[in-house]
Asks: 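Dropping a structure here in structure tokens format, bear with me for questions.
Throughout, protein chains are lettered first and strands after them, A, B, ... in sequence-line order, and every chain is numbered starting at 1.
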2 protein chains.
Amino acid sequence: MQPFAPSGVPSRGRFTLPTEAGKDDLVLDLAAKWGADTIRDSDGTELSPSLTALGFDIFSTVLLTRADQEFVRAHPEFLIRKFFRSDPVTAESDTVVLVPMSGFDARKYRIDTLNDPATWWEVHDRSTGNKVPGSQWQFDAAAGTVTVSGIEPWHQYTVNFLVEQIWDSTSMHNHLTNGWTCDPIMSVDPWHPACYEHLMRWFDRWLEEHRATTVVRLTTLCYHFPIDSGADGKTRYFDGQGYADTVSIPALLEFEKIHGYRPTSEDFVDEGYYRNTHRVPTPRLREWMEHIHRFVVRFGRDLTDRIHGAGKKAAIFWGDHWIGMEPYLPSFQDMGIDIHINACEGGVVARRCGEAPGHQVKELRLYPYLFPDTFNDHGGQPLHDSQLFWANVRRGLLRAPVDRIGYGGYLSLADRFPEFVSQVTGLAQEFRTLIEVTKSTRSWRVPVKVGILNAWGACRSWIPMEGRDQKFAVPYSENMFLLARSYLLECLAGLPVDVAFLSFDEVIAHGIPGDLDVLINDGDAGTAQSGGHYWLQPEVVAAVRKFVHQGGGFIGVREPSAQAAMGRVFQLADVLGVDQELGQSPSQRPVAEWQENRDHFILGGEVLDLNFGVTHSYVAPVEPGVQVLATAPGGHVLASARDCGPGRAVYFAGLPATLDNYRVLLRSLVWVSRKEESLAQWFASNPKTECAWYPEVGKLVVVNNSPDAQVTTVLDGDGRAFEVSLAPYASAWFSPEN
Amino acid sequence: MQPFAPSGVPSRGRFTLPTEAGKDDLVLDLAAKWGADTIRDSDGTELSPSLTALGFDIFSTVLLTRADQEFVRAHPEFLIRKFFRSDPVTAESDTVVLVPMSGFDARKYRIDTLNDPATWWEVHDRSTGNKVPGSQWQFDAAAGTVTVSGIEPWHQYTVNFLVEQIWDSTSMHNHLTNGWTCDPIMSVDPWHPACYEHLMRWFDRWLEEHRATTVVRLTTLCYHFPIDSGADGKTRYFDGQGYADTVSIPALLEFEKIHGYRPTSEDFVDEGYYRNTHRVPTPRLREWMEHIHRFVVRFGRDLTDRIHGAGKKAAIFWGDHWIGMEPYLPSFQDMGIDIHINACEGGVVARRCGEAPGHQVKELRLYPYLFPDTFNDHGGQPLHDSQLFWANVRRGLLRAPVDRIGYGGYLSLADRFPEFVSQVTGLAQEFRTLIEVTKSTRSWRVPVKVGILNAWGACRSWIPMEGRDQKFAVPYSENMFLLARSYLLECLAGLPVDVAFLSFDEVIAHGIPGDLDVLINDGDAGTAQSGGHYWLQPEVVAAVRKFVHQGGGFIGVREPSAQAAMGRVFQLADVLGVDQELGQSPSQRPVAEWQENRDHFILGGEVLDLNFGVTHSYVAPVEPGVQVLATAPGGHVLASARDCGPGRAVYFAGLPATLDNYRVLLRSLVWVSRKEESLAQWFASNPKTECAWYPEVGKLVVVNNSPDAQVTTVLDGDGRAFEVSLAPYASAWFSPEN
């Protein structure tokens with residue numbers, strides 16, 4: 001291979017710049033430095049006429065459900081609602097008084113007295129799980145209390161109650177985090193036909209008023225993801241993918257007509273877990289999601305039809321009010337979206353965006369956002385963060401390219417950090433070079449197709465779930481991806497393998513797809529990621545067992561196939577060769593004979609720093625012949641590997657996103673599928689580096705993912721080695737010898 | 001207080017010495033040094049006639065069920081039996097062949113073909129939990145295989161099968177560990193009437209032949225605790241309290257007549273967990289235990305009647321074949337035992353023995369046993385171990401004295417370690433001094449009565465259950481008690497508090513006893529110690545909640561009240577103020593407001609080195625006002641405290657047995673019961689030291705539990721302070737000023 005210097009790459013294009021009111025010179029300066037071809041008004045700003053005249057493509061943001069505050073104030077019946085569970089209260093006698101709003105932010109929520117509490121609310125004895133009959137409780141609207149009588153002393157009681165949301169979550173966030181001082185904004189629920197009609201009329205008018213706009217950026221559609229605020233204004237619950245804020249009375253009534261049952265408050269409240277994305281989804285949640293999705297698609301289509309009718313393009317942002325869009329479901333395509341934007345800080349989102357189905361233009365809104373949380377003089381490190389994020393984003397782009405990048409926030413903040421400005425100049429050009437040189441073609445893969453097996457499957461493709469470590473995140477210093485015990489998806493996002501997301505329901509219905517070489521199950525026991533009760537369905541266990549016994553590979557991480565029953569914790573302990581001890585039989589050692597093998601292929605090559613994210617896995621060998629690759633003091637197994645007939649299985653106690661773990665995972669994937677030889681080509685020896693070969697254009701790029709200079713030995717397609725030296729975070733292009 | 005030098009304490013007595021064949025001089029030498037008044041034959045040795053003539057009390061060991069090997073060989077139908085579950089095998093078609101004995105030691109177990117497999121065995125599909133109908137499987141005795149047909153491919157199958165035990169567990173242990181070379185010994189099942197009769201006749205003869213014997217040491221009675229040996233001869237399962245080796249066909253048939261149902265093989269096999277003591281006991285297990293206990297008491301009584309008839313005393317050893325004795329059950333007293341012996345390495349067993357109900361003479365068999373596992377030249381540290389064990393045993397004795405101590409094993413091994421011999425000389429005299437000075441009276445307590453709440457209650461008093469850490473024990477260097485995340489009982493054993501053991505069933509039936517000040521729940525989630533499903537019984541949660549709300553104290557350790565349901569993991573999260581995150585809602589922070597308070601009373605005084613045994617508790621504050629005393633990186637709560645109305649609650653992620661934790665627990669007990677002022681008397685400030693005041697004799701002893709010299713400030717009964725200096729592990733006596 002010969003070094004290749006890409007030439008003729010334009011220094012402008014594929015870049016969206018936010019604008020800032022009254023800073024036209026700065027906008028023009030940074031647009032030139034970063035090569036912006038498009039400018040946009042950020043949330044809360046408007047483009048100045050002098051800028052709109054300068055020949056940029058113009059993205060204009062519209063936030064329809066929170067656009068017309070006058071209308072909201074006139075129609076509180078259209079406010080978006082939600083169900084809360086009050087904090088449990090101990091009954092000290094046979095009567096207890098609950099104060100539903102206690103613990104919730106009264107600036108954001110107001111008890112809904114329009115819809116009859118007797119119809120919509122529920123009181124529960126949370127010590128038995130039983131619902132308290134309506135005859136035993138009464139709501140006093142004036143006092144804001146619920147009195148429950150005829151109950152058991154020393155049990156705990158809650159009321160599920162309905163609130164109106166009187167402050168939009170994003171608006172509140174901007175007030176509290178970014179110092180906004182405008183009036184709190186409220187959002188409406190477009191499911192009310194009169195509200196829907198008003199929004200469409202408002203939007204028609206808006207389109208007429210924005211003739212210079214070339215792209216309408218819908219930020220976003222109908223329903224926000226839940227950010228519940230406590231009495232202290234702080235977040236008490238958060239779910240980036242959750243449907244807890246889709247509570248709409250007309251939607252509930254319509255659902256009842258279709259499905260024959262009406263979801264109860266408890267369906268949403270879910271014991272206080274609010275059916276969050278980490279929970280194994282129930283059939284009732286899935287039905288509700290479909291119901292909301294169908295509506296959101298219709299709403300979105302009504303908007304895009306209008307946008308296209310006005311000769312403009314429609315962009316959608318995967319954030320804020322995105323709930324119900326479901327970009328990985330086929331019907332998302334019915335919405336007619338042209339440009340698909342994701343906020344992105346690493347490989348997972350880059351790959352999620354790049355691989356999202358459909359022919360939309362894909363755009364990444366890069367981190368750090370130009371906001372005061374990073375761009376400040378008290379510890380913010382814009383340059384450091386941007387370098388780190390970009391290195392991870394780039395990994396994803398090598399496997400799944402997108403079309404555009406951009407930023408959001410305040411240019412005046414960025415302008416105070418010239419090293420950051422300069423670094424973005426570089427990464428913007430690096431991005432344009434990648435896309436122009438490769439012509440967005442597909443990079444070479446090792447011949448291993450990976451299936452991520454969880455309860456969600458495709459509709460939650462590339463949604464990271466760090467699991468319970470998320471609550472105990474150590475503030476990051478060097479690498480935000482190191483927060484969690486396992487961030488396997490981030491490791492995987494940059495690897496040269498094809499990845500599919502597979503749900504247990506699909507396995508039950510159709511078995512394991514024939515094109516998969518490796519199945520991965522990674523998660524905390526009992527969660528949607530690990531699978532919980534699905535592992536007690538014999539069809540699931542039998543399907544995976546058959547897959548492995550017939551030559552497939554299985555990689556289990558954290559608590560794979562975990563659901564304690566029938567003498568096992570890991571239901572696939574027989575396949576993995578290891579099982580977890582929960583304290584049911586700590587003096588049981590079912591199998592004594594096993595080998596310790598630190599020289600295993602998986603830990604081979606130049607891998608140096610092993611980190612499995614945990615010391616106490618409580619996992620021990622249980623099948624003969626399992627090879628233990630790493631342990632913690634006491635014999636906690638951290639990594640193991642096993643032949644299982646013609647198939648193979650690997651276990652990791654955790655897999656934090658470290659550069660070495662990117663390599664450990666790649667080696668595991670080829671080992672477990674018996675394709676070790678595939679690392680003899682298009683491979684960079686140094687785990688701090690990676691490479692991507694683009695066969696359709698005959699070009700190779702080698703990247704340094706680390707903040708230090710690196711030397712790496714690269715193998716070409718014939719296995720011939722050559723050495724490459726790379727500056728920190730640098731990349732270099734090569735093409736075959738003539 | 002004035003130093004007090006005990007005088008007139010005899011230098012002989014309260015000490016039982018093992019003998020060794022052909023080493024009479026050594027026996028006499030050590031008997032003199034250690035002040036032995038009693039000699040005994042150890043398992044496998046016989047007393048020499050020259051020794052029996054020397055005026056010692058003579059303990060003679062009889063191991064009745066393994067005494068007459070000729071009889072066993074003639075009557076294999078009387079061999080003790082047990083049920084095993086074969087290791088699970090994956091069916092690769094609709095037929096699978098199981099080899100029951102695969103993985104088990106054929107020297108120890110033999111398939112029982114006398115009792116019809118069709119009647120007694122069971123085959124299970126362990127992927128569904130279902131039993132396979134008898135028509136679908138067949139046992140081939142010649143091949144030693146079970147063929148199962150008409151089954152589901154890729155499920156796993158097991159057979160529960162019956163074996164005869166052809167090598168007694170203790171005999172095998174002595175062969176493998178202590179190099180014994182005699183023939184393997186077999187044990188019989190005395191439940192067979194003809195066997196019972198034979199044993200009684202044999203025993204009558206034995207009594208006649210042992211006229212010099214003054215005490216018959218029954219080592220022990222009918223049924224051994226389970227030590228299952230794998231094909232490699234190593235232990236694959238162990239349960240010091242388990243009933244898995246009480247499988248007796250006549251006992252099963254008799255049980256059926258009484259209870260109307262016959263326990264199945266699966267009752268014993270229990271999915272492969274063999275109903276071990278860490279599991280929450282089932283009603284069927286309890287019924288079986290009572291059935292066995294009734295028989296063992298009758299058997300024991302038949303022996304003690306004969307012993308007393310021969311003018312001798314009866315001693316029992318809590319070990320080996322002790323299963324069914326149940327010394328903490330009232331009917332144990334019906335057995336007529338005179339001397340009660342426990343093998344003891346720390347405070348827990350010392351206190352278990354000292355507080356065992358009944359007026360038996362209590363004797364501790366001290367560790368280290370004089371066996372080659374410690375008395376060797378390759379790393380064994382007899383002196384170190386003995387000092388450490390004695391310091392812990394002594395703690396227990398300060399709160400619950402016993403009458404005698406002694407050793408087991410080979411004197412010739414001890415003789416090679418003169419420092420050990422000298423140290424035992426000292427501890428024997430220290431023991432005699434303690435008993436003589438205090439006249440075995442009760443030492444002063446702080447006015448706090450503690451109830452240990454678990455699924456077993458009193459019948460498993462002072463049985464330590466380290467939980468799942470037991471499987472991952474790090475080889476000890478300094479302190480064997482540091483192995484486990486929590487060894488709360490060892491901390492508690494030496495504290496000046498009264499302790500009762502309380503079962504959930506008792507709480508359900510009778511509520512919390514009125515004399516308790518503090519309840520402790522300490523264990524891994526789902527185990528007998530924590531309580532598992534009992535925490536979903538509203539009566540249990542309500543009773544504890546009421547107890548605390550009315551002024552009681554609650555201390556939860558490890559995973560207290562843990563059983564995920566109804567929006568909680570810790571069902572008493574409302575009382576504790578903290579809850580555990582299992583991954584169901586990692587972005588939920590129900591309560592933000594809490595205080596960090598490292599200056600809390602509980603961590604006050606001279607406590608220095610905090611060690612809560614774990615870094616990842618996954619426990620976070622959930623109630624307002626909870627005080628967090630210690631956290632690990634990420635915010636994992638390791639210790640917290642909370643006012644709960646007039647009551648108080650404390651949480652510890654773990655409580656390993658460290659000297660500082662002894663103190664932390666004491667401070668917690670008085671804090672949680674609002675009796676902090678009780679530490680203003682009879683208190684030694686330095687946590688490496690403790691003291692005990694004996695009001696009935698007006699004497700105070702101060703002990704140094706550490707291997708270093710210590711200075712400590714001691715408060716007398718009026719709170720007056722005086723300083724005490726103590727050599728390593730030393731003790732010192734004081735009496736009030738004249």
Asks: Could you grab the distance from atom OG1 of B:Thr615 to atom CZ of A:Phe472, nearest 0.5 Å is fine?
Replies: 11.5 Å
Asks: Look at B:Gly230, B:Pro538, B:Gly272 and state which one has the largest set of heavy-atom pairs under 4.5 Å with chain A.
Replies: B:Pro538
Asks: Please examine the side chains of A:Arg545 and B:Gln156, heavy atoms only from C-beta on, and report whether any two atoms are closer than 4.5 Å.
Replies: yes
Asks: Sort B:Ala231 into side chain, backbone, both or neither according to what part of it lies under 4.5 angstrom from a heavy atom of chain A.
Replies: neither
Asks: Top residue by heavy-atom pair count (under 4.5 Å) with chain B, among A:His155, A:His636, A:His616, A:Arg126?
Replies: A:His636
Asks: Is the shortest heavy-atom distance from the side chain of A:Gln470 to the side chain of B:Ser587 under 4.5 Å?
Replies: yes
Asks: Non-hydrogen atoms of chain B under 4.5 Å away: do they reach the side chain of A:Val548, the backbone, both or neither?
Replies: neither
Asks: Please classify the contact between A:Ala632 and chain B as side chain, backbone, both or neither, with a heavy-atom cut-off of under 4.5 Å.
Replies: neither
Asks: With a 4.5 Å heavy-atom cut-off, do A:Arg568 and B:Pro88 have their side chains touching?
Replies: yes
Asks: Looking at CD of B:Gln588 and CG of A:Asp239, how far apart are the two atoms once the value is rounded to the nearest 0.5 Å?
Replies: 10.5 Å
Asks: Quick one: of A:Asp524, A:Asp574, A:Val541, A:Thr527, who has the most non-hydrogen atom pairs under 4.5 Å with chain B?
Replies: A:Asp574
Asks: Check each atom of A:Ala528 against the heavy atoms of chain B and say whether the ones under 4.5 Å are side chain, backbone, both or neither.
Replies: neither
Asks: Non-hydrogen atoms of chain B under 4.5 Å away: do they reach the side chain of A:Glu152, the backbone, both or neither?
Replies: neither
Asks: Please look at B:Gln537 and chain A and tell me whether the side chain, the backbone, both or neither of the residue comes under 4.5 angstrom of a heavy atom of that chain.
Replies: neither
Asks: Hey, can you tell me if A:Trp154 and B:His549 have their rings parallel, tilted or perpendicular (30° and 60° cut-offs)?
Replies: tilted
Asks: Do side-chain atoms of A:Lys471 reach the backbone of B:Tyr618 as a donor and acceptor pair under 3.5 angstrom?
Replies: no
Asks: Has B:Glu466 got a side-chain atom pairing as donor or acceptor with A:Pro586's backbone, closer than 3.5 angstrom?
Replies: no
Asks: B:Met566 and A:Gly129: which non-hydrogen atoms are nearest, and at how many Å?
Replies: SD-N, 3.1 Å
Asks: Quick one: are B:Ser585 and A:Tyr237 in side-chain contact, heavy atoms under 4.5 Å?
Replies: yes
Asks: Between B:Thr90 and chain A, which part of the residue has a heavy atom less than 4.5 Å away: side chain, backbone, both or neither?
Replies: side chain
